[in-house]
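Here is the structure we will look at.
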Amino acid sequence: MNKQLRTICILILVLLAIFLFTYKLGNYSFWDNDEPLYTGMAKHMTTSGDWVTLQFSGENWFCHPPLYMWLTALTSYVNGWNEFTGRIWSSIFAVGIILLVFFIGEKLVSLRGGFLSAIVALTTIQIFVQSHLANLDTALIFFLAASIFALYIGAVEEKKNYYIGAWILMGLATLDKGIFGFLFPLLIIFLYLLMKKELPKFKKIFLSPGIIIFLLLAIPWYAVEIYLHGNKFIDEVFLFYTVQRLTTPILNQKEPIYFYIPVFILGFFPWIFFFPQAFAYIINLVRQKSKEALQSQALSKAGSDMPILLIIWFAVVFISFTVIRTKLPNYILIIYPACALMMGKYWDSLLAQKKLPSSFIISGSFFLIFVPAIIFIFRKVALSIYPAEFENFKGQLVILAVELLAGAVLTYIFIFINRVTTFIALALTGYLLFINIAVLTVKADYYKPMKPIALALSKLIKENDLLYMDFKLEGKNSLVFYSGHDRNYFYDKSEIKNIMSQQKRVFLLIKEKDCNELFSDTDMSPVIVGRGKDILVLSNR
């Protein structure tokens, strides 16, 4: 019976995850600037035959290793070059995250706890968002979470094979996004063992033969790039993108110290309203078991010290990225598997309790109050700043508002009736919300003019023609991907005359409102060969 129930749970999770994470996946154009950048580099691999050095628009790109681009390039041989090809591996790894959370929860809590944890992860907004973007993050989170789990089981149950698996996973994580692929898992398990007074076991991790596989996976690409590009590669990868990222905001990614508080609140929606008591419950378990665990001469059975692992996991990620000067919302994505496991363990215990905690009612009340408040604020702001856009999306936004209100009301009512249906109502609210967000992203293409401009330009531009764009449009990498042509930037209107007077045919992209000013000091009359929303495409002939 348990095997049948387990199979049913896995089947439900797989079907729900595949549908949600692939829904409308290829129906809307790339978001600038990362999606066309990563997919464009993968495309360059197949056209140039260079699968080692990443390139985009004629320039070498050293920021991250090429694992995701390799997978995308291989997929193109089956599905061609389109948005679905660029995004599918994000979706695949997102499905993997859901199943991984289930297996971890099943191992460390119970079958029910694992299923509840996986449903929480499945209906967490930031995991959904990342699953629909062509980027490296869901792959990284899968490898990191799996390696943390493998290191934990290897230490607790003293199973050497888990150490081997952990090193393989850390090698893949490193090949996906650099040194954080092994630093975070090792730091988390180090602090766990330190807290357990079992630090000598940390040495056993490095005695595992898996470290050889890790080196074979992680080192060769770096070694080849250093051989090919020398100090330029070293300076960009290890100094600029690593050291300087830690100490100084780079690439205009400067945010306040509290940046990840609102990011986490939004990213863990709708479960964030019940997270405070789940976190308090986990903290209480740590307090209850700490004395016994610290006095023990050996590590406890897997699962008994799970709360300690989850608290360390959460704290290391949140504190580290808060301290790091360069900040982006996706940096803390690794926090969500830990949070989902906390929620799963909390709900698993809650379903077994006869008396409903007062904090549970308070959380439901906050959810009920928050939803109409945020709808009111959003409507007021949208009408004042984006009235035309609001009118265009009004029908879909009304559906979202009704759905959220119904979910909040039902969640609150079910609190007093049945805790199982409360969980279902909250999960269903998130699931349906994300489906409608996917629909909205398709409609948002109207406000993303770069793809139609680039596709129209691709029919006009020849191999020897020159393509320039205003530096104010920096990051509009969709132009390169969809047009199939490299671009150059100009930085000042003093450059315009020299650019447009060249013997070769020149195409120039500028903001429409800047046209008169840019050509005010010249006697040129450029030809308008295309236009999109607020953007003109000019030519010198």
Side-chain angles (χ1 to χ4, degrees), residues 101 105 108-109 113 116-128 256-290 306-322 329 332-374 377 404 407-416 418-430 433:
V101 169
L108 303 184
V109 184
L116 294 174
S117 298
I119 291 293
V120 171
L122 176 65
T123 51
T124 293
I125 191 167
Q126 194 163 355
I127 293 178
F128 164 76
I257 191 77
Y258 57 82
F259 176 69
Y260 288 114
I261 295 175
V263 166
F264 176 63
I265 290 172
L266 178 61
F268 203 46
F269 184 88
W271 301 99
I272 188 63
F273 298 97
F274 295 88
F275 181 73
Q277 65 262 35
F279 191 79
Y281 170 74
I282 296 296
I283 290 287
N284 189 49
L285 289 180
V286 171
R287 288 174 178 170
Q288 290 176 6
K289 297 182 179 181
S290 284
M306 173 195 177
I308 299 174
L309 176 71
L310 294 181
I311 291 297
I312 293 172
W313 185 339
F314 181 92
V316 165
V317 174
F318 200 87
I319 293 172
S320 296
F321 286 114
T322 296
I332 62 163
L333 191 63
I334 182 56
I335 214 169
Y336 295 108
C339 294
L341 289 163
M342 289 184 195
M343 290 294 296
K345 187 166 181 63
Y346 170 68
W347 278 88
D348 185 60
S349 69
L350 194 67
L351 295 178
Q353 295 177 23
K354 294 181 179 180
K355 186 178 179 181
L356 187 68
S358 58
S359 60
F360 197 70
I361 300 173
I362 294 171
S363 294
S365 301
F366 271 118
F367 187 38
L368 187 60
I369 294 169
F370 173 84
V371 168
I374 200 67
I377 294 170
L404 275 172
V409 171
L410 287 175
T411 299
Y412 188 74
I413 292 172
F414 285 140
I415 284 174
F416 301 97
N418 188 303
R419 271 157 273 185
V420 174
T421 48
T422 304
F423 184 91
I424 293 172
L426 201 58
L428 195 58
T429 299
L433 173 68

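Residues: numbered from 1 along the sequence shown.
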Legend entry - For Ile257 against Thr322, the heavy-atom pair lying closest together: O-CG2, 3.3 Å

Legend entry - Check: Leu285 and Lys345 side chains under 4.5 Å, non-hydrogen atoms: yes

Legend entry - Inter-residue atom distance Ile362.CD1 - Ile415.CD1, 0.5 Å rounding: 10.5 Å

Inset, instruction - Step by step, work out the side-chain contact (heavy atoms from CB on, under 4.5 Å) result for Leu428 and Leu410. - result: CA-CA 10 Å; Leu428 195 58; Leu410 287 175; over 6 Å; no

Inset, instruction - Kindly determine whether Tyr260 and Ile335 satisfy side-chain contact (heavy atoms from CB on, under 4.5 Å), including the steps that lead there. - result: CA-CA 11 Å; Tyr260 288 114; Ile335 214 169; over 6 Å; no

Legend entry - Test log, rule side-chain contact (heavy atoms from CB on, under 4.5 Å), inputs Phe416 and Ile361: CA-CA 8 Å; Phe416 301 97; Ile361 300 173; 3.8 Å; yes

Legend entry - Any Phe128 side-chain heavy atom under 4.5 Å of Leu433 side chain: no

Inset, instruction - For residues Leu108 and Met306, report the shortest heavy-atom separation together with the two atoms involved. - result: CB-SD, 3.6 Å

Legend entry - Phe268 and Phe264 aromatic centres sub-6.0 Å: yes

Legend entry - Step-by-step side-chain contact (heavy atoms from CB on, under 4.5 Å) determination, Val409 to Ile413: CA-CA 6 Å; Val409 171; Ile413 292 172; 3.7 Å; yes

Inset, instruction - Might you point out which heavy atoms bring Gly407 and Thr429 nearest each other, and give the distance in Å? - result: CA-OG1, 3.1 Å

Legend entry - Check: Ala121 main-chain N/O paired with Trp271 side-chain donor or acceptor under 3.5 Å: no

Inset, instruction - Rounded to the nearest 0.5 Å, what's the gap from CD1 on Ile334 to OG on Ser320? Could you check? - result: 11.5 Å

Inset, instruction - Report the distance from atom CG of Leu309 to atom CZ of Phe314, rounding to the nearest 0.5 Å. - result: 14.0 Å

Inset, instruction - For residues Gly267 and Tyr336, report the shortest heavy-atom separation together with the two atoms involved. - result: CA-OH, 3.4 Å

Inset, instruction - Measure across Ala427 and Ile119 and return the closest heavy-atom pair with its distance rounded to 0.1 Å. - result: CB-CG2, 3.6 Å

Legend entry - Neighbour count above 12 (heavy atom, 6.0 Å) for Phe318 CZ: yes

Inset, instruction - Calculate, to the nearest 0.5 Å, the distance between atoms CG and CZ belonging to Leu426 and Phe273 respectively. - result: 9.0 Å

Inset, instruction - Identify the residue among Leu368, Ile369, Thr422 that makes a side chain to side chain contact (heavy atoms under 4.5 Å, CB included) with Tyr412. - result: Leu368

Legend entry - Min side-chain heavy-atom separation Leu350-Phe423 under 4.5 Å: no

Legend entry - Nearest heavy-atom neighbours spanning Val286 and Ile311: CG2-CG1, 4.1 Å

Inset, instruction - Compute the centroid of each ring, for Phe360 and then for Trp347, and state whether the two points are separated by less than 6.0 Å. - result: yes

Inset, instruction - Answer with yes or no after comparing the ring centroid distance for Phe275 and Phe279 against a 6.0 Å cut-off, counting only values under it. - result: yes

Inset, instruction - May I ask you to test the Phe370-Ile272 pair for a side-chain heavy-atom distance under 4.5 Å? - result: no

Legend entry - Gln126 side chain to Ile332 backbone, donor-acceptor under 3.5 Å: no

Inset, instruction - Answer whether the closest heavy-atom distance between the side chains of Val109 and Leu116 falls below 4.5 Å. - result: no

Legend entry - Heavy-atom check, side chain of Ser359 versus side chain of Phe274, under 4.5 Å: no

